[in-house]
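Since the structure comes first, as structure tokens, the remarks are kept for the end.
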Number of protein chains: 2
Amino acid sequence: MQKSQIGRPRAFDAEAALEKAMMIFWAQGYEGASLTDLTEAMGISRKSLYAAYGNKEDLFRKALQRYEEGPGAYVAEALQAPTAREVAMAFLAGSARANTLPGLPAGCLGVQGALAAGEAGQVARETLTKWRAHGQALLRDRFRQAVQVGDLPVGADPEKIARYVMTIANGVAVQAAGGATCEDLQHVVDAALQNWPPA
Amino acid sequence: MQKSQIGRPRAFDAEAALEKAMMIFWAQGYEGASLTDLTEAMGISRKSLYAAYGNKEDLFRKALQRYEEGPGAYVAEALQAPTAREVAMAFLAGSARANTLPGLPAGCLGVQGALAAGEAGQVARETLTKWRAHGQALLRDRFRQAVQVGDLPVGADPEKIARYVMTIANGVAVQAAGGATCEDLQHVVDAALQNWPPA
DNA sequence: AAACTTCTGCACCGATCAGTGCAGAATGCG
DNA sequence: CGCATTCTGCACTGATCGGTGCAGAAGTTT
């Protein structure tokens, strides 16, 4: 749709500002990103934000779309790979890379975007991160012990095995939140443990 | 520490009330659970809550501990299994079951607890859930096509393979948020793809 | 029964939230 | 130039947040 060119033109770059908004949502989550946080990062006023993007929800949706085209572009790329296995490899390697890019928020906007860390929630967030790390440490210690008694081969790395197992469990939690059934998830778990130990 | 028995005793069951609080945090996340939500579910007044548990953060920590002893007890149990492989199997099967128990919130408090869904955030939460499901559908369609061209065996289930791959990716996102490096995650991904297709 | 302690319910606090009204400045078109 | 239109900045709204002060009720101990 063509916009009439009458009136004062907007004084900021809408695309660049959206990029900034995406970063804030990515790092702080939807509710954790206050309008003040957003407008300060975007360098525009509240009124300009509402005029240009609608409301906060609309802005979030547009930021998510932008994420898909930017840091999340590896998904579309991976889907183009010639074989199913290469699709899976490209997709997962891309997610490992995109979720840990230096200078960008860690994790995936699609998973973390609903996280809230607006000062108040930050403590809870850290508490949970530590809690998950603790659980992973328990697994690692257990696997370390398994190596000592010969239950796992001497070359096995307890740290990596623990991370592998915990990553599956974390994924299971996200899937469950999205509505997957126990049966669905049991299949995933069975598949994940078919090669053991995970080299 | 012994509490002196002077004065009016509390008129509610502190353990039962904590259980209710855990459910609210589990379903709505830390920030999404307002004091009003909590006190209504627990059936006590604000003042009683503060007197009995400290503040909201303390209550959350106690609820997390309660979760560990209740729905999360499968972790401690799994760690007792005789072999490393059985530990991993019990742990993951337990997570699949505990994350999908009927009548309880879906997912894991340790992962979802930082999610916010206080009315305002609920729309964002649904948006993201749909977004992840969409990505998974793209993978499924791609694998379906792979079956048709013989790239995947005829018996392969594209839906299950897509869920497997997406579960790993979800787990990777949580791990990255917890500080895992790209190298760490690449190892996980490599291990997850060692058996292909994941039967 | 008296004294003492701690309970409960309600109103209230300052802070912050998303979103808006208003006034004035700035630009494009005729 | 001057009009029309849309921009920007600021103050403000009603609602909600976590947390608290107060007053009176209730139960335990002596």
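Keep in mind that what you see is a predicted model, and the values were worked out from it rather than measured. Keep in mind that the numbers below use all heavy atoms, side chains included, and drop hydrogens, waters and symmetry copies. Order of the sequence lines sets the chain letters (A, B, ...), proteins ahead of strands, with each chain counted from 1.
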- Going by atom types only, do D190(B) and Q186(B) share a side-chain donor-acceptor pair under 3.5 Å? yes
- Which whole-number value in Å describes the distance from Y53(B) OH to dG19(D) C1'? 17 Å
- For dT8(D), does either OP1 or OP2 sit under 4.0 Å from a side-chain N or O belonging to S48(A)? yes
- Query: Over how many whole Å does the gap from F12(B) atom CZ to dT6(C) atom C1' extend?
  - Reply: 12 Å
- What is the distance, rounded to the nearest whole Å, between atom CD of Q28(B) and atom P of dC17(D)? 11 Å
- Item | d(CG, L49(A); P, dG9(D)) in whole Å | 13 Å
Could you list, one pair per line, each protein nitrogen or oxygen that sits under 3.5 Å from a nitrogen or oxygen of nucleotides 19-24 of chain C, together with the distance?
{"residue": "dG19(C)", "atom": "OP2", "partner": "Y50(A)", "partner atom": "OH", "Å": "2.7"}
{"residue": "dG19(C)", "atom": "OP2", "partner": "K56(A)", "partner atom": "N", "Å": "3.3"}
{"residue": "dG19(C)", "atom": "O5'", "partner": "Y50(A)", "partner atom": "OH", "Å": "3.0"}
{"residue": "dG19(C)", "atom": "N7", "partner": "R46(A)", "partner atom": "NE", "Å": "3.4"}
{"residue": "dG19(C)", "atom": "O6", "partner": "R46(A)", "partner atom": "NE", "Å": "3.0"}
{"residue": "dG21(C)", "atom": "N7", "partner": "K47(A)", "partner atom": "NZ", "Å": "3.4"}

- Assign the ring pair F25(A) / Y30(A) to parallel, tilted or perpendicular, where the plane angle (0 to 90°) is split at 30° and 60°. parallel
- Can you find a pair of side-chain heavy atoms, one from V174(A) and one from R132(B), that are under 4.5 Å apart? yes
- Please walk me through it: do M42(B) and Y53(B) pass side chain to side chain contact (heavy atoms under 4.5 Å, CB included)? CA-CA 12 Å; M42(B) 300 167 82; Y53(B) 306 96; 3.6 Å; yes
- Query: Do we see a donor-acceptor contact under 3.5 Å between the side chains of N170(A) and T167(A)?
  - Reply: no
- Going by atom types alone, do Q145(B) and D141(B) pair a side-chain donor with an acceptor below 3.5 Å? no
- Gap between atoms CD and C1', on E40(B) and dG9(C) respectively (whole Å): 14 Å
- Between atom CD in E31(A) and atom P in dG18(D), what is the gap in whole Å? 11 Å
- Gap between atoms CG and P, on L59(A) and dA18(C) respectively (whole Å): 11 Å
- Task: Give the rounded distance in Å between these two atoms: CD1 of I44(B) and C1' of dA26(D).
- Result: 17 Å
